[in-house]
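One structure below.
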Protein chains: 2
Amino acid sequence: MPQTKASNIIDLSAIRVACKDCGLFQLCLPVGIGGADLELLDSIIKRRRPIKRGEHLFQVGDPFQAIYAVRSGSIKTYVPTEDGYEQVTGFHLPGELVGLDAIHADIHPCAAKALETTSVCEIPFERLEELSERIPTLRHQLLKIMSREILHEQTLLMLLGKKNADERLASLLLSLSGRYQQRGFSATEFNLSMSRNDIGNYLGLVVETVSRLFTRFQDEGLLTVQRKHIRILDLDRLHALACQSRSCNLRPNSE
Amino acid sequence: MPQTKASNIIDLSAIRVACKDCGLFQLCLPVGIGGADLELLDSIIKRRRPIKRGEHLFQVGDPFQAIYAVRSGSIKTYVPTEDGYEQVTGFHLPGELVGLDAIHADIHPCAAKALETTSVCEIPFERLEELSERIPTLRHQLLKIMSREILHEQTLLMLLGKKNADERLASLLLSLSGRYQQRGFSATEFNLSMSRNDIGNYLGLVVETVSRLFTRFQDEGLLTVQRKHIRILDLDRLHALACQSRSCNLRPNSE
DNA sequence: CGAATCCTTGAACACCTTCAACAGGGGTGG
DNA sequence: CCACCCCTGTTGAAGGTGTTCAAGGATTCG
């Protein structure tokens, strides 16, 4: 499908953009500035047509074939439990990779679902590995990215293990704020693409608690919230809140 | 130092053993059965003399130079918080790797401390990367191992996010049980090398709760416990307990 | 043997959850 | 266009689980 005319609808420009023209390329797989390497990488990447809110990128148990870079929109990853519940394991913004946890067993251990209309780049893993044979920096970057992922999970562990409800929500909001900023968006005003339920699930809290926290944060003048729309009024105080007892930052270096 | 005569003291046999003679080699970096590759790997590995209980393998902020494979003993990794507390991020048994989270920033983001007299193999990372250029299976294994690590952190997230105190302790005990079994030890009888405090910290509980849980588990006939010594009496019931509400297994495939 | 540390036990409390009811959008159909 | 319903989100009150605080017992190591 050739490039379509731009419109004010969200996302059509994402259909066919080379890596070198993508504002996110240094986030998702920063292969170095070498143009040649970038084109090699570009050559193996498939763009998929946007997936709609609620559709799955992959399900638990799907064979592992590719990792995915979010181009626009957002993805939640989660693992369903036997009894029909789920544990949300992450929210993924543009420039972030999804599917790294499937390398181990060649099977996706979690599911990935679009929180809104989302487009992704599909990066066939076998071809990526082939490529990494020839590009040392790519090889190193791959390990680095996975290491960062481990690091991220560890900060999350800290959050769930040591922080109370206030600190958890504050940490999540700061994480999102920082990641949006890094992508050129406002650090203080954004829309949450996930439901209160997802937030609570991710943070180890129930919906009601999350809801109460939002109202309280608003009452205390930390932020304003209307449905999905968040406007942070006092970043400093939010920071202080996030670390009030124990160590801080959720996802210190963006993914 | 040449190989010393075996004795009934824990650990002297570990001083100088080639990878091919090491009972753990398929656990730590299973490079395939190819003897040649194994010897290459062997050639870059340094054995360090045993470190004593309480000594550090590395501290937070140390420059990243090598990853470590536990040969005998056990290691805990943790990240200290500003206010002098810490978050334990993992317990590492023989055959498991430590330090993978340092690749990202070339700095160790956590500290590693011996829980008992422990010997490790030091694997210089730069040389490992060089080696991986020539050995495709090693390259793949590295990614696989890191993927497994991510997976493990995710099950931990599930544990901290969704499980109650009973389920958490049961999950940890089962994880240890399984990992010991995989290393040729008893699945039902072992010594905990970590303190109650470490266990609580790791599981997101306070010491008192852990202590009460152990006594209750004992009262209920699940196990017997005398200080560090654990004897599991009813593995099935422990399994049932670990998964009573939500999804299960901590560290499903050993590391 | 003494000191320090680790572990255990008890009672009161705090925080978050559970249960329940209601409010407000957003979509569909009459 | 409004009525209706469903789903998501909000708010209140009661309850439970784990924490905190406090004290005593056990073990190790100098």
Side-chain angles (χ1 to χ4, degrees), chain A residues 52-54 76 83-86 88 113 115-117 159-172 191-220 223-230 241 244-246, chain B residues 52-55 76 83-88 113 115-117 159-172 191-220 223-230 241 244-246:
Chain A
K52 288 206 276 292
R53 174 190 158 95
K76 88 166 174 189
D83 46 359
Y85 289 88
E86 62 185 47
V88 175
K113 184 194 262 186
L115 290 169
E116 57 196 312
T117 303
L159 183 144
L160 290 176
K162 294 274 172 300
K163 293 189 175 186
N164 64 21
D166 294 29
E167 298 169 297
R168 293 185 197 187
L169 185 59
S171 299
L172 175 62
N191 284 301
L192 300 169
S193 56
M194 66 294 283
S195 71
R196 298 286 193 272
N197 213 328
D198 287 337
I199 293 176
N201 190 310
Y202 181 65
L203 296 178
L205 303 168
V206 295
V207 203
E208 294 93 324
T209 305
V210 174
S211 185
R212 278 185 254 269
L213 285 173
F214 270 124
T215 29
R216 185 151 58 75
F217 281 7
Q218 184 163 240
D219 291 347
E220 291 171 351
L223 47 76
T224 61
V225 49
Q226 300 173 53
R227 274 189 83 61
K228 303 281 191 193
H229 188 81
I230 299 287
L241 190 59
Q244 64 189 31
S245 61
R246 303 271 184 279
Chain B
K52 288 206 276 292
R53 174 192 160 94
E55 286 180 355
K76 91 168 171 186
D83 45 357
Y85 289 89
E86 61 185 48
Q87 164 72 40
V88 174
K113 185 194 261 185
L115 289 169
E116 57 196 310
T117 302
L159 181 143
L160 290 175
K162 295 273 173 298
K163 293 189 174 184
N164 64 22
D166 295 28
E167 297 169 298
R168 293 184 196 188
L169 185 59
S171 299
L172 175 62
N191 284 304
L192 299 171
S193 56
M194 66 294 284
S195 70
R196 300 285 193 273
N197 214 327
D198 287 337
I199 293 177
N201 190 310
Y202 182 65
L203 296 177
L205 304 168
V206 294
V207 203
E208 294 94 324
T209 306
V210 175
S211 183
R212 278 185 253 269
L213 285 173
F214 271 124
T215 29
R216 185 150 58 75
F217 281 7
Q218 184 164 240
D219 291 347
E220 290 170 352
L223 46 76
T224 61
V225 49
Q226 298 172 53
R227 266 192 87 59
K228 304 281 189 192
H229 188 82
I230 299 287
L241 190 58
Q244 65 190 29
S245 60
R246 304 271 185 278

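Lettering follows sequence order; numbering is per chain, from 1.
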The helix from C/dC1-D/dG30 to C/dG30-D/dC1: angle between terminal helix axes, five bp per end, to the nearest 10 degrees, reads 40°
Count the heavy atoms belonging to other residues, nucleotides or ligands that lie under 6.0 Å from NZ of B/Lys52, then report whether that count exceeds 12.
no
Just jot down the salt bridge (charged side-chain N to carboxylate O under 4.0 Å, His left out) partners of B/Arg216, sequence neighbours excluded, or say none.
B/Asp166, B/Glu220
Going by the rule salt bridge (charged side-chain N to carboxylate O under 4.0 Å, His left out), which residues pair with B/Glu55 if we only count those two or more places apart in sequence or in a different chain?
none
Going by the rule side-chain contact (heavy atoms from CB on, under 4.5 Å), which residues pair with A/Val207 if we only count those two or more places apart in sequence or in a different chain?
A/Arg196, A/Asn197
Set of residues satisfying side-chain contact (heavy atoms from CB on, under 4.5 Å) with respect to A/Glu116, sequence neighbours excluded
A/Ser74, A/Thr118, A/Ser193
Could you tell me the separation between the [atom1] atom of [X] and the [atom2] atom of [N], rounded to a whole number of Å?
X        : N      : atom1 : atom2 : result
A/Asn191 : D/dG9  : CG    : P     : 13 Å
B/Leu192 : D/dT27 : CG    : C1'   : 16 Å
A/Arg216 : D/dT10 : CZ    : C1'   : 15 Å

Generate the contact string for nucleotides 6-12 of chain C. Rules: B means base contact, S means sugar-phosphate contact only, - means no protein heavy atom under 4.0 Å.
-SBBBB-
Just call it for B/Gly204: base, sugar-phosphate, or nothing, with non-hydrogen atoms closer than 4.0 Å on any strand.
sugar-phosphate
Salt bridge (charged side-chain N to carboxylate O under 4.0 Å, His left out) between A/Glu86 and A/Lys113, worked out
CA-CA 12 Å; A/Glu86 62 185 47; A/Lys113 184 194 262 186; 5.4 Å; no
